[in-house]
Amino acid sequence: RPCRVGAAAPSRRLDGHPPMTRFHVTLKATLARGVFYWVCDVEAADAEEAAGVAEALFLQEIDSPDGWAFEESEVVPG
């Protein structure tokens with residue numbers, strides 16, 4: 001899964017579970033007619049989990065098309 005994640009994971013918690021770390025995640029999907037990016041901040045134990053959490057958040061958002069709209073665009077002659 002192509003994903004850019006930026007954060008360093010600290011050592012384990014006293015209870016043995018990985019600590020929750022804040023990650024800034026960028027997911028990229030190359031579609032038939034273009035490229036789509038999803039960028040969000042999540043809390044997870046590691047980078048792999050962060051990518052999964054970000055994907056789940058995206059699916060929740062996209063499932064409700066009445067709740068969002070594109071806010072910005074950049075259009076250039078091609």
Side-chain angles (χ1 to χ4, degrees):
R1 148 183 326 158
C3 175
R4 179 178 52 95
V5 178
S11 61
R12 290 191 151 331
R13 298 184 315 204
L14 293 176
D15 63 6
H17 291 91
M20 298 300 274
T21 302
R22 188 128 184 107
F23 290 90
H24 183 76
V25 181
T26 301
L27 300 176
K28 176 184 174 186
T30 302
L31 309 172
R33 296 185 197 133
V35 178
F36 190 87
Y37 288 90
W38 170 254
V39 181
C40 64
D41 294 321
V42 301
E43 289 191 11
D46 57 36
E48 185 175 338
E49 181 180 312
V53 170
E55 188 173 324
L57 289 174
F58 168 74
L59 292 173
Q60 288 175 4
E61 290 291 331
I62 204 73
D63 192 39
S64 164
D66 294 334
W68 64 273
F70 290 107
E71 298 172 0
E72 296 182 31
S73 65
E74 180 180 336
V75 181
V76 295

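Residue numbers start at 1 and run along the sequence shown.
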Looking at residues at least two apart in the chain, or sitting in another chain, which of them share a salt bridge (charged side-chain N to carboxylate O under 4.0 Å, His left out) with E61? none
Looking at every heavy atom in both C40 and A54, which two are closest together, and how far apart are they? SG-CB, 3.6 Å
Specify whether F70 and F36 have parallel, tilted or perpendicular ring planes, treating 30° as the upper limit for parallel and 60° as the lower limit for perpendicular. perpendicular
At their closest point, which heavy atom of E43 faces which heavy atom of V53, and how far apart are they? O-CG2, 4.5 Å
What about V39 and V35, same hydrophobic cluster or not, with Ile/Leu/Val/Met/Phe/Trp/Tyr joined at side-chain heavy-atom distances under 4.5 Å? no
For A44 and F23, work out which heavy atoms get closest and say how close. O-CE1, 3.4 Å
Report yes if some heavy atom in the side chain of V25 is under 4.5 Å from a heavy atom in the side chain of W38; otherwise report no. no
According to a 4.5 Å side-chain heavy-atom criterion applied to Ile, Leu, Val, Met, Phe, Trp and Tyr, with indirect links allowed, do W68 and L59 form part of one hydrophobic cluster? yes
